[in-house]
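Here is the naming used below: chain letters follow the sequence lines, and residue numbers restart at 1 for every chain.
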2 protein chains.
Amino acid sequence: MPYSTAPARTRRNDPGRRDRIIDACLDVIAESGVAGASHRRVAAAAGVPLGSMTYHFAGMDELLVEAFTRFARGVSDQFEQRMTAATDVDSARRAVADLITRDVFGSQRDLVLTHELYTLASREPAYRVITNAWMTRSRAALERHFDPVTAQMLDALIEGLTIHRALDTKPQDPALVRTAIERITALRSDTRT
Amino acid sequence: MPYSTAPARTRRNDPGRRDRIIDACLDVIAESGVAGASHRRVAAAAGVPLGSMTYHFAGMDELLVEAFTRFARGVSDQFEQRMTAATDVDSARRAVADLITRDVFGSQRDLVLTHELYTLASREPAYRVITNAWMTRSRAALERHFDPVTAQMLDALIEGLTIHRALDTKPQDPALVRTAIERITALRSDTRT
DNA sequence: TCCCTATGTGTACGATCGTACGCATGAGCC
DNA sequence: GGCTCATGCGTACGATCGTACACATAGGGA
């Protein structure tokens with residue numbers, strides 16, 4: 001294996017470069033936070049010269065928006081796929097429980113990135129567009145199996161349980177997650193008004 | 001009003017200085033994020049010289065930990081007070097609903113600070129001590145009116161609903177919050193194992 | 001084959017950062 | 001009233017940041 005596995009691009013022709021920068025940006029954020037994501041650090045992680053940063057992106061904000069848009073889309077895709085795979089209400093409940101108990105944001109990376117995104121969204125409306133699209137898709141996916149109101153409540157419950165499970169240092173009881181899902185999704189006659 | 005309202009401290013005697021730095025630090029974080037909270041900026045906000053920063057705190061981390069500890073304690077105090085004020089299960093449910101629908105993290109400030117804290121906690125265990133203490137107190141407060149398992153589920157539900165309400169740009173239906181609380185806290189016989 | 005131009009790169013600049021350290025100063029003791 | 005020393009401050013240094021801009025270079029037309 002004498003050469004790099006990459007096809008040794010000439011400098012004029014590297015169509016994937018922009019994408020690689022975005023991916024590297026997410027890696028750096030996961031590692032060092034939005035605060036630590038400088039042009040230089042991202043460039044080094046992506047293996048591109050510093051000048052490429054300003055060439056491909058107008059500023060750090062543009063890069064961040066694109067990076068988090070890609071991240072949210074990826075997580076949404078995965079969630080949607082799971083919900084589509086569920087055939088009935090019970091398997092949907094099980095899929096949701098698995099999502100919370102097993103994935104727990106699929107390792108540290110997704111957890112950190114999600115919180116970084118929420119932090120940005122809590123301050124700047126531009127990022128709220130991303131979180132809103134994410135929430136909308138999650139609810140739509142849940143509505144394949146639950147009524148809209150239940151879907152929205154379940155979406156919030158998933159959020160809270162996932163965060164608390166990820167932050168809690170004590171061991172968790174999976175039964176609690178199942179019970180919570182059952183209570184929220186249980187069909188009842190007294191839905192009020 | 002010829003002079004500042006402050007008692008014009010001599011430089012050797014200003015016992016509140018350390019506290020004022022911590023408060024100013026929270027202000028700066030709420031405004032510009034943890035990333036924008038530099039020694040210089042916090043010092044300017046607190047009205048103290050730059051040298052005071054390194055004198056009172058070993059580094060930025062120490063200051064951040066103290067600041068977020070104070071913040072979490074304040075929010076916990078408020079929550080505990082509300083739960084103590086509730087006399088029975090129904091008024092506790094109403095108190096929780098009010099907390100979510102009305103306060104919504106009591107303006108932008110608390111929302112931003114909470115997310116900044118969660119972001120730090122997701123990366124560094126030192127901050128998870130703070131979030132754990134917060135969660136423990138919340139659950140204990142809820143356990144005044146609900147069984148431990150329900151309290152934990154309700155705590156997670158509050159988290160999710162609050163975050164989603166804060167980030168969502170569309171108008172919210174308060175009835176959904178009430179319904180979710182009722183479903184989670186409803187006494188049922190099939191709590192499983 | 002040779003030149004021209006769009007594409008991409010290397011570098012340098014001004015600003016801002018955390019931190020260390022020498023020095024001014026006021027409180028307490030004689 | 002004067003001396004002393006712990007307390008607290010001003011400043012300077014090296015590192016790192018985002019960004020602008022002059023320049024190298026490869027691809028395509030003649």
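- Atom CG in A:D61 sits about 12 Å away from atom P in D:dG18, given to the nearest Å.
- For the pair A:I21 CD1 and C:dG8 C1', the computed distance is 11 Å after rounding to whole Å.
- When distances are taken from the side chain of B:L50 to each of C:dG10, D:dT7, C:dT19, the shortest belongs to C:dT19.
- Nucleotides of DNA chain C nearest to B:R41 and B:G51 differ in position, and the one nearer the 5' end is that of B:R41.
- Side-chain atoms of A:T185 and A:R93 form a donor-acceptor pair, as typed in the model, at a separation below 3.5 Å.
- Side-chain contact check for B:T150 and A:R183: at least one donor-acceptor pair (N or O, by modelled atom type) lies under 3.5 Å.
- B:Y118 and B:E159 share a side-chain donor-acceptor pair at under 3.5 Å.
- Atom CE in A:M53 sits roughly 15 Å away from atom P in D:dA20 (whole-Å rounding).
- In this model, the phosphate group of C:dG8 is not approached by any side-chain N or O of A:S52 to a distance below 4.0 Å at OP1 or OP2.
- Of the candidates D:dG8, C:dC17, C:dT9, C:dT9 carries the atom nearest the A:P49 side chain, counting heavy atoms from C-beta on.
- Each salt bridge (charged side-chain N to carboxylate O under 4.0 Å, His left out) pair with one or both residues in residues 46-66 of chain A, not counting sequence neighbours, appears once here: A:R18-A:E66.
- If you take CZ of B:R18 and P of D:dG8, they are 12 Å apart, rounded to a whole angstrom.
- Phosphate proximity of C:dC17 to B:H39: absent, as no side-chain N or O sits under 4.0 Å from OP1 or OP2.
- Atom CG in B:L63 sits roughly 11 Å away from atom P in C:dG18 (whole-Å rounding).
- Rounded to whole angstrom, the span from the CZ atom of A:R17 across to the P atom of C:dG8 amounts to 8 Å.
- If you measure from atom CG of A:L64 to atom P of D:dG18, you get 11 Å, rounded to the nearest angstrom.
- OP1 or OP2 of D:dT19 has not a single side-chain nitrogen or oxygen of A:T54 nearer than 4.0 Å.
- The CZ-P distance, from A:R40 to D:dA15, rounds to 14 Å in whole Å.
- Checked options B:I29, B:L26, B:I130; the residue passing with B:F71 is B:L26 (criterion: side-chain contact (heavy atoms from CB on, under 4.5 Å)).
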